[in-house]
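Heads up: the structure comes next, in structure tokens.
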Amino acid sequence: MKQASKVFGYTRLMVAAMALGPCEAALEIVIPYAKERIQFGSSLSEKQGYTHKLVVPHAVRLQAATAYMDEIALRLDSGESDLHTEGSISKLFATEAANKAADDAIQALGGYGYISEFEVEKIKRDVKITCIYEGTSEIQQSIISTFRWKITRKTKGGFYKAICQEMEKLDSDVNDAGCRFYGLAAEVLNNTIMLVHDNRLTRKQHVMFSLADMMTHVEIGASLARKAVSLSKAGDSEAEKVKAMSRIFADEVAQLVSRNALNILMGSGVFDQKAARDFMETNSYNQLVCSSLNVINDMDLVADILFAR
Ligand SMILES: Cc1cc2nc3c(=O)[nH]c(=O)nc-3n(C[C@H](O)[C@H](O)[C@H](O)COP(=O)(O)OP(=O)(O)OC[C@H]3O[C@@H](n4cnc5c(N)ncnc54)[C@H](O)[C@@H]3O)c2cc1C
């Protein structure tokens with residue numbers, strides 16, 4: 001087990017990368033198909049109900065996963081060890097995102113998706129195994145929640161506080177990359193971990209898995225924010241696209257963090273309604289739920305770029 005733990009930082013990153021490749025391939029099949037397929041008088045690529053459900057969220061998550069995995073790969077290449085939690089975060093997020101993307105690629109091609117000619121059903125079969133081997137998604141959730149809970153306690157909240165402060169700083173540099181919401185999400189996450197610890201809820205696996213999803217999304221989101229800000233400062237031609245993707249993902253992170261915090265507060269049976277209300281009335285929680293501002297327009301913008309409309 002000790003031997004295995006030493007290599008999980010990079011072997012799990014490798015499996016995460018193995019999931020992203022097919023996910024990218026699936027999008028490369030879906031996008032041209034949607035531009036050509038005419039239904040009800042216009043191409044599928046013109047329909048928000050199609051693009052914003054079956055394509056844009058997956059392109060955004062692919063971008064987010066890539067940003068995080070690039071950072072971890074660089075840290076590994078520079079000789080850092082003990083990145084097994086980061087390996088778990090990479091694998092959990094990338095493989096689950098790719099699995100959903102592959103599933104929706106079948107849906108996006110309709111009947112053609114289900115037969116073998118268009119290859120998306122093969123991609124789905126190839127991707128599913130990445131959620132299982134090298135440690136299942138549930139084992140990754142267990143690792144992430146345990147180790148991030150421990151580091152949060154050890155640093156007295158400093159671990160996620162640092163992400164929160166970094167996001168506030170990035171937001172003051174570039175204010176349209178969604179950084180503010182990643183910072184707020186990190187703060188709500190930090191408060192939730194403390195609450196879970198103080199009330200001995202770490203024994204409940206459902207609560208810990210909810211925390212793992214919050215931790216994963218906040219950390220992946222912070223990487224995407226860094227990438228968006230860095231491209232924006234460099235005047236890169238990809239900057240507008242990646243900033244819009246970062247704003248969309250910030251909304252996803254904010255919604256997941258607020259929903260999971262609420263689920264723990266209201267669902268665990270430990271807190272009375274006043275305690276739950278007090279928590280939700282903290283400024284950060286109330287601000288967090290405002291993350292959806294203009295998100296549909298941002299999805300339009302990303303769809304315009306992806307489908308070259
Ligand atoms: C194609 C393929 C290739 C493989 N290659 C290799 C290889 O090269 N080397 C190798 O060592 N292994 C390999 N494996 C094995 C693979 O790593 C295991 O199948 C995988 O880790 C899951 O273990 P399991 O099958 O025993 O499922 P189980 O552990 O029985 O899991 C069944 C379900 O229960 C969940 N579960 C299990 N424990 C918990 C828990 N504590 N809390 C909550 N939920 C839990 C799991 O997440 C899963 O959803 C391979 C498997 C396949 C299918």
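Order of listing sets the numbers, starting from 1, for every ligand and every atom in it.
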Review point. Under 4.0 angstrom from atom 46 (C) of ligand 1, is there any protein heavy atom?
Key: yes
Point to revise | Pair Arg309-Thr51, side-chain contact (heavy atoms from CB on, under 4.5 Å): steps then yes or no | key: CA-CA 12 Å; Arg309 300 191 300 201; Thr51 56; 4.2 Å; yes
Exercise for review: Determine, counting only non-hydrogen atoms of the protein, whether one lies under 4.0 angstrom from atom 43 (C) of ligand 1.
Suggested key: yes
Practice item. Identify, by atom number and element, the atoms of ligand 1 in contact range of Thr136, meaning under 4.0 Å from any of its heavy atoms. Key: 22 (C), 46 (C), 47 (O)
**Study point:** Cluster overlap Leu306 with Leu301, hydrophobic side-chain contacts below 4.5 Å
**Key:** no
Review point. CG/Asn99 to NE2/His58 distance, rounded to the nearest 0.5 angstrom?
Key: 10.0 Å
Practice item. Among all protein heavy atoms, pick the one closest to atom 53 (C) of ligand 1 and tell me residue, atom and distance. Key: Ile129 CD1, 3.4 Å
Review point. Without hydrogens or angle criteria, can the side chains of Glu187 and Tyr285 be said to hold a donor-acceptor pair below 3.5 Å?
Key: no
Practice item. Please confirm whether Phe147 and Phe8 have ring centers closer than 6.0 angstrom. Key: no
Exercise for review: Using a distance threshold of 4.0 Å (strictly less than), state whether atom 17 (O) of ligand 1 has a protein heavy-atom neighbour.
Suggested key: yes
Point to revise | Ser116 and Glu121: side chain donor to acceptor below 3.5 Å | key: no
Check your understanding: Can you check whether a protein heavy atom sits less than 4.0 angstrom from atom 13 (C) of ligand 1?
Key -> no
Exercise for review: Using a 4.0 Å heavy-atom threshold (strictly under), name the region of Glu134 that reaches ligand 1: side chain, backbone, both or neither.
Suggested key: backbone
Exercise for review: Return the option from Lys128, Gln140, Met208, Glu138 holding the heavy atom at the smallest distance from atom 48 (C) of ligand 1.
Suggested key: Glu138
Practice item. Determine, for Tyr33 and Arg37, whether the Lys NZ or Arg CZ falls below 6.0 Å from the six-membered ring centre while staying within 45 degrees of the axis. Key: no
**Study point:** Protein contact of atom 4 (C) of ligand 1 - nearest heavy atom, named by residue and atom, plus distance
**Key:** Tyr133 CD2, 3.7 Å
Exercise for review: Check whether any protein heavy atom sits under 4.0 Å from atom 9 (N) of ligand 1.
Suggested key: no
Review point. Nearest protein heavy atom to atom 26 (O) of ligand 1: under 4.0 Å?
Key: no
Exercise for review: Within a distance under 4.0 Å of any heavy atom of Ile132, pick out the atoms of ligand 1 and give their elements.
Suggested key: 20 (C), 21 (O)
Check your understanding: Does the protein place any heavy atom closer than 4.0 Å to atom 20 (C) of ligand 1?
Key -> yes
**Study point:** Any side-chain donor near an acceptor of the partner, Lys227 and Gln63, under 3.5 Å
**Key:** yes
Review point. Which value, rounded to the nearest 0.5 Å, describes the distance between Phe181 atom CZ and Gln287 atom CD?
Key: 8.0 Å
Review point. Is there at least one protein heavy-atom neighbour under 4.0 Å from atom 6 (C) of ligand 1?
Key: no
Study note, to complete from the structure: heavy-atom search around atom 38 (N) of ligand 1 in the protein gives Ile139 CD1, 3.9 Å
Review point. Relative to atom 41 (N) of ligand 1, which among Gln205, Gln141, His206 owns the nearest non-hydrogen atom?
Key: Gln205
Point to revise | Side-chain ion pair, Lys274 and Asp278, N-O less than 4.0 Å | key: yes
